[in-house]
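A short worksheet on the structure shown next.
Numbers here simply count residues along the sequence, with the first being 1. Below, each value reflects all heavy atoms present in this structure, side chains not excepted, and no hydrogens, waters or symmetry copies.
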Amino acid sequence: MKKLTLSIALVAGIMSAKAQDTTCTYFQGKRVLEFDYQTSEILYEVEQNSKYYDVEIKYGDVLCLHFSDNKHRVRKVITTFFDNSTREDVLDSKDNVYYSPQGATKVSVSKSKFFCKL
């Protein structure tokens with residue numbers, strides 16, 4: 001019985017050590033909300049006045065980007081990885097959710113722009 005209890009405690013410890021945090025950033029026009037993904041508690045709210053809004057990510061964590069612009073727009077998203085390589089994406093910003101890829105340490109999100117896709 002002691003071995004069973006010990007092994008359960010060991011497995012629980014290993015699983016919690018590898019747990020990753022998920023934060024969410026919500027964009028609606030110029031309004032930006034940062035909130036906890038698990039509890040939906042708003043951490044803070046700001047207005048995006050600069051060309052890009054930067055979000056720092058701890059190594060191993062996940063960032064959820066929720067775009068909720070009222071009109072069909074796009075946002076340019078630049079992802080910086082732990083080895084300083086970057087990736088640029090142009091993402092639809094009318095009610096879409098995106099997650100940061102593995103190894104991302106910084107995500108920069110532009111203001112919403114009108115863009116016609118052919």
Distance-minimising heavy-atom pair for Lys111 and Ser50: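 Nearest pair, atom of Lys111 first, then Ser50: CE-O, 3.1 Å.
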Over all atoms of both residues, closest heavy-atom pair of Asp69 and Ser112: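 Shortest heavy-atom separation between Asp69 and Ser112 comes out as OD2-CB, 3.2 Å.
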Can a donor-acceptor pair be found, under 3.5 Å and without considering hydrogens, that links the side chain of [X] to the backbone of [Y]?
{"X": "Gln48", "Y": "Val109", "result": "yes"}
{"X": "Lys94", "Y": "Asn70", "result": "yes"}
{"X": "Lys76", "Y": "Ser108", "result": "no"}
{"X": "Arg75", "Y": "Ser110", "result": "yes"}

ILVMFWY cluster, [X] and [Y] together (side-chain gap under 4.5 Å):
{"X": "Val107", "Y": "Tyr98", "answer": "yes"}
{"X": "Val55", "Y": "Phe67", "answer": "yes"}
{"X": "Val97", "Y": "Val62", "answer": "yes"}
{"X": "Phe81", "Y": "Leu63", "answer": "no"}
{"X": "Val32", "Y": "Leu91", "answer": "yes"}

Aromatic plane relationship, Phe82 with Tyr59 - under 30° parallel, 30 to 60° tilted, over 60° perpendicular: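 Tyr59 vs Phe82 ring planes: perpendicular.
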Parallel, tilted or perpendicular: ring planes of Tyr53 versus Phe27, cut at 30 and 60 degrees: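 Because their plane-to-plane angle is over 60°, the rings of Tyr53 and Phe27 count as perpendicular.
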From [X] [atom1] over to [Y] [atom2], what is the distance, rounded to the nearest 0.5 angstrom?
{"X": "Leu65", "Y": "Thr79", "atom1": "CG", "atom2": "OG1", "answer": "8.0 Å"}
{"X": "Asn96", "Y": "Ser68", "atom1": "CG", "atom2": "OG", "answer": "9.5 Å"}
{"X": "Thr80", "Y": "Glu88", "atom1": "OG1", "atom2": "CD", "answer": "9.5 Å"}
{"X": "Thr25", "Y": "Asp54", "atom1": "OG1", "atom2": "CG", "answer": "11.0 Å"}

Heavy atoms from other residues, nucleotides or ligands near CD of Glu45 exceed 12 (cutoff 6.0 Å):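 More than 12 heavy atoms, drawn from other residues, nucleotides or ligands, come within 6.0 Å of this atom.
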Side-chain touch Val77/Arg87, heavy atoms, less than 4.5 angstrom: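 Not touching, per the 4.5 Å side-chain cut-off.
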